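Worksheet: the structure to be examined is printed underneath.
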Amino acid sequence: MKIRKNDTVVVIAGKDKGKKGKVRFTYPKKEEVLVEGINLIKKHARATGQVRQAGIIEREETLHVSDIMLVCSKCNRPTRIGFNFLGDGKKVRVCSNCHEVID
Ligand SMILES: [Zn+2]
């Protein structure tokens, strides 16, 4: 996966298009991510044994990685991610705008 936990991403499709957030979890098998404050859905919760508070709760739903873009921490612009190899053979992510190493 090109997107990792704690990356800042911008949504490029769907109802939250244009919003930015921080990646909280990644689900590489599904190619989905959970982004803080993005794609919120409201759920009605009933007071049960485990959940004492009834009412409407908001929680984030996952987004597919094709619906988001990484915001480069160096140039602060949404970017496509490329890969590069360092001298020691380590694979790193690079920004396609400013060509800086993101990792
Ligand atoms: Zn950049």
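Start at 1 and go down the list; that is how both ligands and their atoms are numbered. Bear in mind the structure is a predicted one, so any value in this text is a computation, not a measurement. In this chain, residues are counted from 1 in sequence order.
- As a member of the Ile/Leu/Val/Met/Phe/Trp/Tyr network built from side-chain separations under 4.5 Å, F85 groups with nothing else and remains a singleton.
- For K43, the NZ atom counts as loosely surrounded, since its 6.0 Å shell holds 12 or fewer non-hydrogen atoms of other residues, nucleotides or ligands.
- Annotation: side-chain contact (heavy atoms from CB on, under 4.5 Å) contacts of S73 (sequence neighbours excluded): I102.
- The number of heavy-atom neighbours closer than 6.0 Å to CZ of R80, taken from other residues, nucleotides and ligands shown, is 12 or below.
- Residues satisfying the salt bridge (Lys or Arg N to Asp or Glu O under 4.0 Å) criterion with K19, sequence neighbours excluded, are D16.
- Atom NZ of K74 is surrounded by more than 12 heavy atoms from other residues, nucleotides or ligands within 6.0 Å.
- Panel detail: the Zn ion (ligand 1) has protein N, O or S atoms under 2.8 Å away, 4 in number.
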